[in-house]
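What follows is a short report on a single structure.
In each ligand, atom 1 is the first atom listed, and ligand 1 is the first ligand listed. The figures that follow rest on heavy atoms only: side chains count, while hydrogens, waters and symmetry mates do not. The chain is numbered in sequence order, starting from 1.
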Amino acid sequence: KYADALSIIKNLWALSQENNLHFAIKLTNTLEVKNNKKILAEEMNYMSGRALHVLSVSLAAQLQEDFHGELPISFSGGAHAFNLVDLLKGGLSPVTVSSDLLKPGAYGRLQQYYLNLWRSKEEEADYWKNTDQEDQLDYLKNYAQQLLQMEDYKYQIFESKDIKSQKPLNSFDCIEAPCMQACPTEQDIPDYLHFAAQGNFNKALDVIYQNNPFPYTLGLVCEHSCQTKCTRINYDKPLRIRDLKEFIALNGEASEAQALPLNGFSVAVIGAGPSGLSAAWFMALQGWKVTIYEKDGEAGGLPQQIIPDFRLQKEKLRLDIKRILDIGVQIHYNSPIDTLKLEKLSKENDYVYFASGAPKSKSLNIKGSDVAGVRDSLKFLRDYNLGIEVNLGEKIIIIGGGNTAMDVARTANKIKNKKAQVYVVYRRSIAQMPAEAQEIKDALEEGVIFSELLTPVEIIPEQGVYRLKVQKMHLLTQFGDDGRQKVAPIDGEFDFLEADTIIPALGQQAFMPTLPFNNMKNLYVGGDAGRGGSSIVQAVADGRLFAEHIFDLEPFGASLRKKQSKEKTSERKHLKDRNTVVNSSYPKNASVATFLEAQQEAARCLQCNEYCNICVSVCPNRANESYTIPAQHYRVQDIDINDLEFTIRPSHEVKINQEYQVYNIGDYCNQCGNCSTFCPTIGAPYLDKPQIHLSRISFEESSRGYFMQKDVLLKKEKNNLLKLRIETGKLIYEDENVEVVLTYDDLRILDVYVKKEGEYKIELDKIVEMKIMLVYVFLEKQKLFG
Ligand code: SF4
Ligand code: SF4
């Protein structure tokens with residue numbers, strides 16, 4: 001209907017000119033589109049963001065061409081800080097943004113808009129001074145064409161559905177770096193990025209080694225779930241954490257690893273894969289005698305045997321292994337273990353860690369899957385790594401959607417003959433594949449064809465080839481427990497795919513001997529042997545967890561262990577050193593090939609375990625506010641009341657460590673939920689944080705929160721009214737049952753006045769929150785505003 005629209009606009013413009021009125025058009029807040037995916041209930045959806053940007057800019061370019069660049073167009077479709085300059089250079093003005101300012105950074109992002117524009121005006125001064133409508137039209141047409149090719153505007157396979165962690169939200173101390181929570185080894189990512197940003201790659205590598213003895217390997221092939229949760233996703237791009245780890249491993253020099261003298265205890269480790277080696281490293285460092293029994297002639301486990309060289313160069317893996325073995329770990333190669341040997345090792349050692357991996361492929365249990373053309377995926381990858389040639393024919397089908405499936409597909413694609421074609425068949429959609437997004441992209445770019453929503457049901461041999469019968473599937477509107485959209489067969493709809501070779505890559509399973517656990521109380525199973533095919537980083541984490549668990553066990557206890565001296569979050573001041581690091585603005589073509597690039601990329605880290613305040617920045621009503629408190633520690637007491645008698649008993653410790661805390665202002669909050677959307681936890685700041693009220697009316701209308709009435713703090717809690725005040729240097733707590741006098745500093749109970757008879761208990765940990773609200777929020781506000 002473009003022609004109709006054009007004629008309407010022309011008529012309106014002519015009319016406005018006749019009447020001496022200004023005329024302009026606006027493109028476009030949202031675009032109504034048919035709801036094909038049926039994720040939402042309505043028949044129509046509203047398109048916005050990146051997709052709308054491409055369409056609206058194309059439309060703007062077309063309109064301007066028809067109006068010879070003279071039509072005033074105001075623009076908003078998917079505008080943000082990074083495309084603002086292009087829009088203005090194309091003559092679209094004014095540009096309006098809204099949802100971009102509801103994201104983390106919020107109004108603070110305006111600085112980013114300004115800086116980008118200012119930079120362009122400095123660097124392209126000539127364009128801004130001398131440009132005319134014709135230049136702007138050319139620029140706009142060009143930009144519309146470029147958008148079609150730009151990665152950021154293409155359909156993307158996102159690494160993660162959302163970046164929230166599973167951490168609940170509490171009244172205090174909510175700050176935790178999401179990347180660390182997502183990392184199975186709990187790697188202190190912000191800490192090593194801080195040192196990398198300062199150019200101190202040696203110290204950065206030492207930090208990495210505190211939790212992970214595989215920096216070379218994991219710098220290349222870690223599934224990097226840390227990056228899928230990086231707070232920077234909300235601002236521009238996630239930190240390239242894995243690439244930085246590789247850079248640090250290659251360019252940093254770690255302190256010499258020194259094991260403590262032997263402490264008289266020993267552990268036997270079965271399997272020299274990532275999990276066994278990781279356990280060996282952490283235990284040997286603490287003075288344990290560690291002996292590894294490896295069934296093959298080389299250490300490294302599945303990564304060594306099956307990950308193709310184009311993903312993991314084996315010399316890098318060997319560097320990790322060498323450092324582990326060099327601290328005095330004994331290893332016996334070609335030493336397979338059976339039950340008898342295991343029992344012997346159990347008697348001879350204090351502990352046995354069974355980490356033999358998951359070396360068996362899961363089989364494809366469909367009719368005809370035993371034909372000769374069906375190959376074992378792990379054997380195929382092992383053969384490739386050993387240089388054994390394999391003839392796959394011309395039509396090669398890989399079944400599966402995980403990383404192993406991508407390794408098999410990409411390997412097959414490299415060794416196939418020129419005319420051959422590799423296909424990946426997967427029962428769900430590409431977006432739901434568990435493989436790393438980058439692996440999927442690489443496979444697609446290398447020419448592998450993906451056939452999604454097809455479930456194999458039978459293999460039929462026919463005239464020298466195989467016909468793979470597949471059931472067609474479709475996406476349902478419901479989501480499963482794993483967060484993925486469910487799929488179901490389409491009744492009676494099948495397809496037949498021709499193949500010379502079929503390689504199912506459906507995951508791995510452990511090959512477990514029957515372990516006599518009852519006779520061997522000191523036997524632990526970990527890594528893939530326990531999980532049945534997981535990730536390398538998870539296996540490494542399991543090895544460390546095993547070691548930590550053993551260290552904590554009696555009779556070994558803490559005395560046998562040299563604790564790592566880790567700085568606590570509240571004591572770290574990396575953010576305050578920010579001015580000493582290189583400029584951390586978003587580099588457009590992020591790369592970490594040089595020292596400067598690595599420093600620049602690391603400097604983009606926001607140090608999320610020191611500071612968050614996302615809920616503060618995203619609130620359009622400024623209803624969440626940040627305040628600072630010193631770290632504090634209380635041993636709270638409870639009171640048991642019996643008639644008018646009372647007994648004071650110690651309850652538990654309450655520790656508040658972090659400097660920055662948040663409260664919600666009930667008067668301003670309209671419960672829109674935007675802070676919950678962007679909070680990195682699963683909590684809702686406007687509900688989970690303490691709420692204060694500035695006016696009595698707001699306090700009275702609300703079911704919870706604090707209000708300061710003269711010098712008494714009131715708290716509404718489940719329809720009860722609690723009070724706290726300071727009197728002669730003491731704190732006086734009062735509710736309908738009791739009045740309690742407490743010391744100001746450590747909240748020790750000095751006296752209790754029982755107001756109501758009966759048998760009940762008063763839990764006083766709530767006083768900690770009340771004291772903090774009284775002292776650090778209301779009294780501070782009074783100091784400031786009277
Ligand atoms: S910005 Fe830094 S601390 Fe925050 S999630 Fe990303 S890597 Fe971790
Ligand atoms: S729910 Fe309240 S505090 Fe949260 S963003 Fe909305 S108005 Fe602000």
Asp320 and Thr217 side chains, donor-acceptor separation under 3.5 Å: yes

Counting from 1, what ligand 2 atoms have a heavy atom of Asn624 closer than 4.0 Å? 3 (S), 4 (Fe)

Numbered in order shown, the ligand 2 atoms found under 4.0 Å of a heavy atom of Asn664 are 3 (S)

Has Lys716 got its NZ or CZ under 6.0 Å from the middle of the six-membered ring of Phe699, at an angle within 45 degrees of the ring axis? yes

May I ask you to determine how many protein N/O/S atoms are under 2.8 Å from atom 2 (Fe) of ligand 1? 1

Polar protein atoms (N, O or S) that approach atom 6 (Fe) of ligand 2 to under 2.8 Å: Cys672 SG

Around atom NZ of Lys316, are there more than 12 heavy atoms from other residues, nucleotides or ligands closer than 6.0 Å? yes

Take a 6.0 Å sphere around CD of Glu780 and say whether it holds more than 12 heavy atoms from other residues, nucleotides or ligands. yes

Salt bridge present between [X] and [Y] (N-O < 4.0 angstrom):
X	Y	value
Lys766	Glu769	no
Glu151	Lys441	no
Glu625	Lys781	yes

If you look only at pairs with a residue in residues 661-682, which of them pass as a ring-ring contact (aromatic ring centres under 6.0 Å, His included), with sequence neighbours excluded? Tyr627-Tyr663

Name the atoms and distances for all side-chain donor-acceptor pairs under 3.5 Å in residues 96-107, with sequence neighbours left out.
{"residue": "Thr96", "atom": "OG1", "partner": "Lys26", "partner atom": "NZ", "Å": "3.4"}
{"residue": "Asp100", "atom": "OD1", "partner": "Arg109", "partner atom": "NH1", "Å": "3.2"}
{"residue": "Asp100", "atom": "OD2", "partner": "Tyr113", "partner atom": "OH", "Å": "2.4"}

Would you call Asn609 and Asp188 a side-chain contact if the rule is heavy atoms closer than 4.5 Å? yes

